[in-house]
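Before any comments, here is the structure.
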2 protein chains.
Amino acid sequence: MEIDEIIDTIYPLTSTSKDLIKKSILQTKLPKGHTLFKANKIETRIYFIKKGIARAYAYSEDNQITFWFGKEGDPIVSMQNYVNNQKGYEDVELLEDCELYELKTEKLQKLFLEDIQIANWGRKFSELELIKSEERLISLQFNTATERYLALLKNYPSIIQRVQLSHIASYLGITQVSLSRIRAKLK
Amino acid sequence: MEIDEIIDTIYPLTSTSKDLIKKSILQTKLPKGHTLFKANKIETRIYFIKKGIARAYAYSEDNQITFWFGKEGDPIVSMQNYVNNQKGYEDVELLEDCELYELKTEKLQKLFLEDIQIANWGRKFSELELIKSEERLISLQFNTATERYLALLKNYPSIIQRVQLSHIASYLGITQVSLSRIRAKLK
DNA sequence: GAAACTATTTAACAAATGATAAAAAAGAAA
DNA sequence: TTTCTTTTTTATCATTTGTTAAATAGTTTC
């Protein structure tokens, strides 16, 4: 997905303001398996996915638990870093070869203070992420594992081809064995 | 909690900008049991809690599931209404007699477009809510019901005096019977 | 204080999920 | 293809949680 579409989908900007953002954006290609963010590190960048797919995970005891997937058009942000300039608790790993748009947080923060349109773009960005987060929260709290699995398939059918089931299981809040049982029952 | 402190804790404003917000704010007192927001309705206001406590809940089949508590200093916002001008899925009910600061969403939206400081205040507001939402999500996905219960007690000890256990149970994602068992084991 | 109502706990059984190990299937590499 | 490695499924048993119903505790009302 092209950067113009990504920016405008969040909040449409005049070309002057959009150019101010775009001037700060670089493009990079990174291979499958690359770790984009490390837990307990200050991250100074955010990304948007042009092509590819990624996951964020953290450790609980010894095992990784995936709590976020990102695909074309999605932002990759460590929120603790972005909002509070604090170390995050998550690793972000690329699950395919990726093309990314890269943006220094510091530059964006500066633009927020200089350009009211960009400030409102940043506001909308967080509002939309907040809606997504609340939806996930409700789905975890209200629905059974089977319902969450079916909803994921419905919202994002191709995830099953692109991401291995162990990651999907932990994203759903269950073990891989349990997901396997759910899938067997649905047949 | 006073409105100046609530506003400044989110993002400190010059008095000029703060006054612009405060000019749009009314104070109301509403009794325990009052329903502030109704599901499937367009809500045109947001609130901040000066005094009291509230919960947001939605229905799953026939039973209410509480997914949010707010206390002194917290905002009361139906996010679907606030962000997308769409009907929300939640009722918000006051659990004590409350004193609230009331603000028309429309007026705030206007200020966002006119005052860059307020736009950044609104940005920060959503960022902070997003951090809270992500923390809850992680706690639901990573921790056991017992751990979530203990964490809630630690973060907010007095909740146990102010809110009945059936609401706390559904907030934790379990039944009241299950919470009762957890409490019995902890003794 | 007694009665009525609401909230919380306890009990018994069913269903779902976790943990561990082993088998089967799928994919990658030689 | 054949071998090796990784991923997914299946099986078994323990633990947790859900469901329903009844008992207890706590509040409110008269």
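A quick note: this is a predicted structure, and the numbers were derived from the prediction, not measured. Chain naming here is simple, since letters A, B, ... match the order of the sequence lines and numbering starts at 1 in each.
- Rounded to 10 degrees, the angle separating the terminal axes of the helix from dG1(C)-dC30(D) to dA30(C)-dT1(D) is 40°, with each axis obtained from five end pairs.
- The two residues I65(B) and S60(B) have their closest heavy-atom pair at CD1-CB, 3.6 Å.
- Note that the CD atom of E61(A) and the CG atom of N63(A) stand 7.0 Å from one another [nearest 0.5 Å].
- For the pair E147(B) CD and dG18(C) C1', the computed distance is 14 Å after rounding to whole Å.
- Taking 4.0 angstrom as the limit, R183(A) places a side-chain polar atom (N or O) nearer than this to OP1 or OP2 of dT9(D).
- Comparing dT17(C), dA16(C), dA12(C) by their nearest atom to the side chain of K185(A) picks out dA16(C).
- Residues Y82(A) and Q109(A) come closest through the heavy atom pair O-NE2, 3.5 Å.
- Taking atom OH on Y149(B) and atom C1' on dT8(C), their separation rounds to 12 Å, with Å as the unit.
- Separating the CD atom of E61(A) from the P atom of dT20(C) is a distance of 11 Å, rounded to the nearest angstrom.
- The residues K124(A) and E127(A) are annotated as salt-bridged, a charged nitrogen and a carboxylate oxygen being separated by less than 4.0 angstrom.
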**Message:** Checking F69(B) against Y171(B) for the ring-ring contact (aromatic ring centres under 6.0 Å, His included) test, could you report, in this order, the C-alpha distance in whole Å, the side-chain angles of both residues, the deciding distance, and whether it holds?
**Reply:** CA-CA 9 Å; F69(B) 292 116; Y171(B) 178 82; 4.9 Å; yes

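- The nearest pair of heavy atoms linking L13(A) to D8(A) is N-OD1, 3.6 Å.
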**Request:** Would you mind building the protein contact string for nucleotides 24-30 of chain D? One character per nucleotide, 5' to 3', B for base within reach (heavy atoms under 4.0 Å), S for sugar-phosphate only, - for untouched.
**Result:** -------

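- K187(A) comes within 4.0 angstrom of nothing in the nucleic acid, heavy atoms only.
- Here the P atom of nucleotide dT15(D) and the CD1 atom of I182(B) are 16 Å apart, to the nearest Å.
- dG18(C) atom P lies 10 Å from atom CD1 of I65(A), rounded to whole Å.
- Using a 4.0 Å cut-off between charged nitrogen and carboxylate oxygen, K38(A) and D91(A) count as a salt-bridge pair.
- Rounded to an integer number of Å, the gap from L186(B) CG to dT10(C) P is 12 Å.
- The pair K51(B)-E99(B) does not meet the salt-bridge criterion, since no charged nitrogen lies less than 4.0 angstrom from a carboxylate oxygen.
- Remark: C1' of dT20(D) and CZ of R181(B) are 12 Å apart, rounded to the nearest angstrom.
- Residues from residues 155-180 of chain B lying near DNA chain C, meaning a heavy-atom separation below 4.0 Å, are Q164(B), L165(B), S166(B), Q176(B), V177(B), S180(B) in numerical order.
- Nearest heavy-atom pair across S170(B) and T66(B) is OG-N, 2.8 Å.
- Straight-line distance from the CZ atom of F142(A) to the P atom of dG18(D): 14 Å, rounded to whole Å.
- Annotation for I160(A) and L165(A): closest pair CD1-CD2, 3.9 Å, computed over non-hydrogen atoms.
- With rounding to the nearest 0.5 angstrom, the CH2 atom of W121(B) is 9.5 Å from the CG atom of L111(B).
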